[in-house]
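Structure first, commentary second.
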Amino acid sequence: MKTREEALGYGLSFPDTYQEAPFHDPNWQLIRVKGSKKAFLWTYERDGNICLNVKVNPEWRDFWRQAYDAVIPGYHQNKEHWNTIILDGTIPEKDVKRMIAESYDLVTDSPTKRIYEAVKKIPKGKVATYGLIAKLAGNEKMSRAVGNALHKNPDPEHIPCFRVVNAKGELPGNFAFGEGVQERLLRQEGIEVAQGKVDLKRYLWDGKQ
């Protein structure tokens with residue numbers, strides 16, 4: 001990857017992204033995330049090369065800088081959280097793409113996203129508690145946030161929130177998709193439901209892959 005067009009095209013391949021030139025200067029072209037409007041990819045020409053600014057996890061920041069001379073502290077940005085990639089042809093395309101993808105993941109990260117990702121991991125025929133999902137999402141104290149997120153589930157086909165029950169194995173009475181729906185979906189997966197409750201000793205997922 002050596003051109004701005006390639007970098008912008010890859011940035012736009014991620015969900016809910018758009019391109020913008022916010023400084024009335026065509027040299028600066030950004031890719032932002034819809035909704036938050038946060039930029040995860042900055043492109044510009046400097047010293048004859050196309051450069052990319054990407055957000056970086058501080059744990060990986062120095063790794064990339066040490067791995068490639070063409071990765072330097074973020075130009076005109078917080079150098080603790082941003083790196084600049086100089087597209088001089090010395091960095092393998094797969095690593096350029098990886099750094100852009102990591103930047104996208106960092107910018108789009110949110111508790112709700114982590115909750116949905118945790119719920120997706122619950123195996124068929126198992127259930128998880130709100131507390132377990134909260135823990136897997138990074139904060140075991142946000143069980144209520146789990147309930148709120150699942151009530152607003154934007155993609156029930158791929159985010160199986162019906163597999164989430166309370167700490168006693170009880171099905172919430174206000175399940176997002178109507179009365180009786182959660183019980184029916186659980187039964188379809190072979191999970192017994194008795195008096196609105198699941199036997200956690202039999203069906204509780206341990207949170208492991």
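The line from OG1 of Thr17 to CG of Leu30 is 12.5 Å long, rounded to the nearest 0.5 Å. A distance of 5.0 Å separates NZ in Lys113 from CG in Asp105, rounded to the nearest 0.5 Å. Gln29 contributes atom CD, which lies 5.0 Å from atom CD of Gln19 (distance to the nearest 0.5 angstrom). In this structure, the separation between NE2 on His81 and CZ on Arg61 is 8.0 Å, given to the nearest 0.5 Å. To the nearest 0.5 Å, the span separating CG on Leu150 from CD1 on Ile133 amounts to 7.5 Å. Separating the OG1 atom in Thr43 from the CG atom in Leu8 is a distance of 4.5 Å, to the nearest 0.5 Å.
Residues Leu106 and Trp60 are members of separate hydrophobic clusters, defined by side-chain heavy-atom contacts under 4.5 angstrom among Ile, Leu, Val, Met, Phe, Trp and Tyr. Residues Leu185 and Leu200 share a hydrophobic cluster, clusters being chains of Ile/Leu/Val/Met/Phe/Trp/Tyr side chains in contact below 4.5 Å. Under the 4.5 Å side-chain contact rule for hydrophobic residues, Val56 and Ile86 do not share a cluster. In the hydrophobic clustering of ILVMFWY residues, with side-chain heavy atoms under 4.5 Å counting as a link, Leu12 and Tyr10 come out together. Clustering ILVMFWY residues whenever any of their side-chain heavy atoms sit less than 4.5 angstrom apart, transitively, puts Trp42 in a cluster other than the one holding Phe14.
Ion pair Glu93/Lys97 flagged as a salt bridge, since at least one NZ, NE, NH1 or NH2 atom sits closer than 4.0 Å to an Asp/Glu carboxylate oxygen. Glu117 and Lys121 are not joined by a salt bridge, as no carboxylate oxygen comes within less than 4.0 angstrom of a charged side-chain nitrogen.
When all heavy atoms of Pro92 and Tyr68 are compared, the closest pair comes out as CD-OH, 3.4 Å. In plain terms, the two heavy atoms of Cys161 and Gln182 that are nearest each other are O-NE2, 4.2 Å. Ala128 and Ile122 get closest at one heavy-atom pair: CB-CD1, 3.7 Å. Here the shortest heavy-atom pairing between Tyr104 and Pro15 reads OH-O, 2.9 Å. The minimum heavy-atom distance linking Met142 with Ile115 is given by the pair CE-CG1, 4.2 Å. Scanning all heavy atoms of the two residues, the minimum distance from Gln77 to Asn53 falls at OE1-ND2, 2.7 Å.
For Glu59, the CD atom sits in a loose shell: 12 or fewer heavy atoms of surrounding residues, nucleotides or ligands are nearer than 6.0 Å.
The shortest side-chain heavy-atom distance between Val146 and Lys135 does not fall under the 4.5 Å cut-off. Val54 is listed as a side-chain neighbour of Leu41, based on a closest heavy-atom distance under 4.5 Å. Side-chain contact between Ile191 and Val198: present, with at least one pair of heavy atoms (C-beta onward) separated by less than 4.5 Å. Counting only heavy atoms from C-beta outward, the side chains of Met99 and Val71 approach each other to under 4.5 Å. For the pair Glu189 and Tyr203, the minimum side-chain heavy-atom distance is 4.5 Å or more. Residues Arg202 and Glu192 have side chains in contact (heavy-atom distance under 4.5 Å, counting atoms from C-beta outward). Between Phe40 and Ile100, the closest side-chain pair of non-hydrogen atoms falls below 4.5 Å. Pro156 has its side chain out of reach of Phe162: every pair of non-hydrogen atoms, C-beta onward, lies at least 4.5 Å apart.
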Could you go step by step and tell me if Leu186 and Leu171 meet the side chain to side chain contact (heavy atoms under 4.5 Å, CB included) rule? CA-CA 10 Å; Leu186 289 172; Leu171 280 56; 4.1 Å; yes

Could you check Thr129 against Leu204 for side chain to side chain contact (heavy atoms under 4.5 Å, CB included), going step by step and ending with a plain yes or no? CA-CA 8 Å; Thr129 63; Leu204 181 64; 4.0 Å; yes

Candidate pair Leu87 and Asn49, rule side chain to side chain contact (heavy atoms under 4.5 Å, CB included), full reasoning: CA-CA 6 Å; Leu87 296 183; Asn49 289 306; 5.9 Å; no

Under the salt bridge (charged side-chain N to carboxylate O under 4.0 Å, His left out) criterion, do Arg187 and Glu183 qualify, and how do the steps go? CA-CA 6 Å; Arg187 289 184 182 278; Glu183 181 172 341; 2.9 Å; yes

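Partners of Arg46 by side-chain hydrogen bond (donor to acceptor under 3.5 Å, both in side chains), not counting sequence neighbours: none found. Taking Asn78 as the reference, nothing meets the side-chain hydrogen bond (donor to acceptor under 3.5 Å, both in side chains) condition, with sequence neighbours excluded.
Using modelled atom types, one finds a donor on one side chain and an acceptor on the other under 3.5 Å when comparing Glu170 with Asn166. If you check the side chains of Asp25 and Tyr44, you find no donor sitting under 3.5 Å from an acceptor.
Lys55 places no side-chain N or O within donor-acceptor distance of the main-chain N or O of Trp82, the cut-off being under 3.5 Å.
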